[in-house]
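The structure presented is a predicted model; accordingly, all values stated were derived computationally and were not measured. Here is how names work: the chains are called A, B, and so on, in the same order as the sequence lines, proteins then strands, and each is numbered from 1. Any value given below was found using the heavy atoms of this structure, including those in side chains, with hydrogens, waters and symmetry copies removed.
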Amino acid sequence: MQRFRFGKRQRLNRPDQFRAVLAWRCGAGNGRVRLHEAPNTVGRPRLGVSVPKRCGSAVVRNRLKRLAREAFRLEQHNLPPDRDYVLIFTAKWSKKPMSANCLPLGGLEYHTVRRWLRQLHERLDERFLRRTRGRPEGGS
RNA sequence: GGAGCGGGUCGGGCGGUCGCCCCGCACCAAAAACAUAUUGUUCACGGCAAGCCGAUUCGUCCAUGGCGGGUUCGCCGUGCUGGACGACCGGGCAGAAUGGGACAAUAUGUUUUUGGUGCGGGGAGGAAAGUCCGAGCAGGGCAGGGCACGGUGGUGGUUAACGGCCACCCGGAGCGAUCCGAGGGAAAGUGCCACAGAAACCACACGGCCGAUGGCCCCACGGGGCACAGGCAAAGGUGAAAUGGUGCGGUAAGAGCGCACCGCGGCGGCGGCGACGUCGCCGGCAGGGUAAACCCCACCGCCUGCAAGACCAAGCAAGCUGGUCAGCCGGCCCGGUCAUAAUCCAGCGGGUAGGUCGCUCGUCCGUGGGGAAAACCCGCGGGCGGAGCCGGUCGGCAACGGCCGGUCCAGAGAAAUGACCGCCCCCCCGCACCAAAAACAUAUUGGACACGUCAAACCGAUUCGCCCAUGACGGGUUCGCCGCGAUGGACGAACGGUCAGAACGGGACAAUAUGUUUUUGGCGCGGGGGACAGAACUCGGCUUAUAGACCCGCUCCGCUU
RNA sequence: GCGGGCGUAGCUUAAUGGUAAAGCCCCAGCCUUCCAAGCUGGUCAUGUGGGUUCGAUUCCCAUCGCCCGCU
């Protein structure tokens with residue numbers, strides 16, 4: 001029976017970890033979020049979420065991070081375990097549905113974020129494997 | 001019932017599954033430390049009886065002689081030599097035995113850390129927000145005064161403190177409940193007041209009025225004229241604002257010149273802690289606005305901020321240059337302090353970007369355990385403090401304070417409170433049903449009504465038409481008659497009456513029934529919505545955002561009793 | 001977290017408390033065979049809400065938005 005947990009050891013905690021993932025330069029985005037991947041040697045997939053301040057107020061940013069964590073928690077067994085992931089929210093969200101150039105937060109659910117995560121990972125997977133074979137001892 | 005004012009409380013609830021952060025307990029795994037045991041290695045680590053030996057030392061006894069002194073000649077004292085015994089010391093027994101230490105390995109136990117599993121407990125707000133004030137706390141080596149600068153600004157109180165809060169005063173808004181007010185000083189000084197206006201604070205210039213009085217002229221002696229002296233400050237369109245306002249008197253014209261009321265100022269009495277109020281008297285006005293312009297007065301204020309600061313680990317280069325009448329409290333001065341640079345200050349260059357504490361009530365005492373320990377850790381009990389929260393009570397109009405009791409349980413650090421489902425609650429929309437009310441339509445019944453209709457026939461002091469008879473009277477005439485008209489009668493039409501009201505029709509309105517629509521309420525189904533907003537060292541306030549729900553007190557208006 | 005600063009036409013900037021200015025842009029007209037340039041005229045603003053004042057872009061308070069510095 002698979003457990004769907006997401007503790008502190010499954011997250012990226014330090015700024016240099018984030019920088020290492022982004023320096024691998026393997027990412028894709030869909031206009032609302034970006035996903036980056038990089039190999040690790042820990043033996044479990046790890047996620048780091050980055051929500052910049054332009055996404056909205058503190059309530060909005062907390063909401064986005066919780067949705068991302070919930071999506072990763074339920075999707076983690078479908079992802080390759082030897083990688084680090086960084087999910088970056090890029091669009092501007094708002095609680096008010098009528099705001100200009102803001103996406104409404106009300107209709108966003110974790111299913112949507114989970115679907116984005118899966119689609120972006122499928123787009124990245126082939127590129128990731130090619131780069132890993134290219135430099136087999138790269139991640140020293 | 002409607003409209004409104006003030007204050008307070010809450011900020012969806014219950015259940016299930018999965019998940020996050022912190023704390024405690026238990027178990028498992030790993031690592032480290034410590035303790036114990038065993039084994040091994042090692043150590044210029046320690047000790048070892050009796051018997052034996054000895055060129056150690058001491059004591060007792062015996063023997064012998066020497067020396068010195070005394071002598072009662074018996075001997076006494078002292079030392080040396082030899083022997084025996086005893087004690088001590090050294091050697092030896094005596095080491096590859098034994099004890100101890102260090103190190104290593106193994107086993108067991110304990111503790112700590114990390115990870116995992118299970119159980120239990122706790123886990124966002126009234127504003128956590130904005131960062132507008134005030135404090136605690138920390139640092140600036142020591143840390144004070146003045147100036148400058150900044151803030152506040154009715155009075156009294158409250159508080160750790162505040163620009164907060166409470167009560168009162170004054171001014172303004174409102175019918176009112178209530179609300180709003182940076183609300184000291186313009187007679188200390190400076191500045192500004194556009195345009196308009198005679199003039200914006202400076203004289204009363206400009207523009208005016210009068211000419212009573214004096215002067216001049218004329219004269220019919222009643223007076224009139226001139227505007228020279230002189231008097232006056234009322235009118236002067238403007239403006240936000242113009243040297244008190246209105247009215248009456250008064251005058252040559254006028255004027256607080258006089259009076260009344262209002263405003264203003266001064267003095268005094270009374271009430272109040274006070275701001276101030278009130279009463280009386282006096283002054284006749286003593287001179288614009290602006291201090292959220294500079295300023296004056298009173299009071300308050302060091303600066304920096306938990307990314308403060310302390311410790312540990314790692315790393316780098318105790319590097320270079322300059323400074324010393326400096327620098328250290330920064331804008332200035334005084335006072336204070338360090339004392340010439342490894343140490344202080346500034347600049348350049350180099351390294352780190354990890355962890356623990358601060359930090360989530362604090363502190364003290366007693367006791368038990370661990371411990372070398374007064375340190376420190378754990379458990380239990382109690383006390384004290386706190387500007388925390390809740391309740392009660394007392395004082396106070398209140399803010400608030402005193403006392404008593406209970407409670408003090410978020411603590412992350414790329415940053416925890418979430419996701420899904422079900423039921424319930426509140427609001428909105430749609431549909432269906434039920435009930436009530438209203439409107440409309442239809443039907444039936446009743447039906448106010450100064451609403452309308454009614455034939456034929458009959459009647460008529462009505463009107464008209466036509467016919468007949470008579471032809472007054474007037475006019476014309478071709479003398480045949482014509483025209484107009486009166487009267488009477490017949491006929492026809494109209495009009496009025498009778499018939500004819502308890503008839504017929506219309507019909508406000510009322511009742512009943514049915515249907516439609518609307519509104520309200522209830523119930524059911526479906527759909528949508530439930531705000532503002534996320535702790536980051538901690539408190540006290542303020543400000544701002546906020547769907548709604550509930551409670552309390554009060555005001556005004558309308559209706560009913 | 002703390003400390004500063006700024007919001008004026010579509011854009012860039014002015015403006016002692018007294019009619020909000022200029023350049024570019026846009027629109028219309030003139031000129032030109034047409035375009036450009038030029039000329040003439042016009043439209044368009046003090047972030048928002050209060051307060052002080054006779055009068056606020058300016059002074060004060062609150063609020064919203066943006067920028068910068070410490071780190």
Checklist entry - Using the ring of each side chain (for Trp, its six-membered ring), is A/Tyr85 parallel, tilted or perpendicular to A/His121, with breaks at 30° and 60°? => result perpendicular
Checklist entry - According to the Watson-Crick and G-U wobble definitions, with both distances under 3.5 Å, which nucleotide is paired to B/G413? => result none
Checklist outcome for this item: Checking N1-N3 plus N6-O4 or O6-N4 for Watson-Crick, or N1-O2 and O6-N3 for wobble, each under 3.5 Å, the partner of B/C403 is B/G392
Checklist entry - Just wondering, do A/Arg83 and A/Asp125 contact through their side chains at under 4.5 Å, heavy atoms? => result yes
Next on the checklist: Taking only the C1' atom of each, what is the distance from B/G411 to B/C394 in whole angstrom?
Outcome noted: 40 Å
Checklist entry - Which value, in whole Å, describes the distance between the C1' atoms of nucleotides B/G247 and B/C270? => result 35 Å
Item to check | C1' gap between B/U158 and B/G540, integer Å | outcome: 14 Å
Checklist entry - On a whole-Å scale, what distance lies between the C1' atoms belonging to B/U178 and B/G402? => result 35 Å
Checklist entry - Can B/G91 be described as syn, meaning its chi torsion is within 90° of 0, or is it anti? => result anti
Next on the checklist: Under 4.0 Å, heavy atoms only, any strand: does A/Phe6 hit a base, just the sugar-phosphate, or nothing?
Outcome noted: sugar-phosphate
Checklist entry - So, for A/Arg44 and A/Asn40, which heavy atoms are closest and what is the spacing to 0.1 Å? => result O-ND2, 3.2 Å
Checklist entry - What's the base orientation of B/A160: syn (chi within 90° of 0) or anti? => result anti
Checklist entry - Is it true that A/Leu67 and A/Leu79 fall in one hydrophobic cluster, defined by side-chain heavy atoms closer than 4.5 Å? => result yes
Item to check | Rounded P spacing from B/C273 to B/C168 in Å | outcome: 16 Å
Checklist entry - Would you call B/G126 syn or anti, using the 90° rule around 0? => result syn
Item to check | Pairing partner (Watson-Crick or G-U wobble, both distances under 3.5 angstrom) of B/A107 | outcome: B/U36
Next on the checklist: Distance check, P atoms only: C/G29 and B/G197, in whole angstrom units.
Outcome noted: 44 Å
Next on the checklist: If the cut-off is 4.0 Å, is A/Arg66 near the phosphate of B/U417, judged by side-chain N/O to OP1 or OP2?
Outcome noted: yes
Next on the checklist: Minimum heavy-atom separation for A/Cys55 and A/Val60, please, with both atom names.
Outcome noted: O-CG1, 3.9 Å
Checklist outcome for this item: A correct dot-bracket answer for RNA chain C, with pairs being Watson-Crick or G-U at under 3.5 Å, [ ] for crossing pairs and | for inter-strand pairs, is (((((((..((((....[..)))).(((((.......)))))....(((((..]....)))))))))))).
Checklist outcome for this item: Syn within 90° of 0, anti beyond: C/A36 is anti
Checklist entry - With centres under 5.5 Å and planes under 30° as the test, does A/Tyr110 stack with B/A419? => result no
Checklist entry - Among B/A414, B/U417, B/A533, which is the nearest nucleotide to the side chain of A/Val59? => result B/A533
Item to check | Cluster link A/Ile88 to A/Leu120, ILVMFWY, side chain under 4.5 Å | outcome: no
Next on the checklist: When both hydrogen-bonding distances must be under 3.5 Å and the geometry is Watson-Crick or G-U wobble, what is B/A198 paired with, if anything?
Outcome noted: none
Item to check | Same-atom distance (C1') from B/C80 to B/A97, integer angstrom | outcome: 49 Å
Checklist entry - Checking all strands, does A/Arg11 fall into the base, sugar-phosphate, or nothing category for heavy-atom contacts under 4.0 angstrom? => result sugar-phosphate
Item to check | P-based separation of B/G123 from B/C165 [nearest Å] | outcome: 34 Å
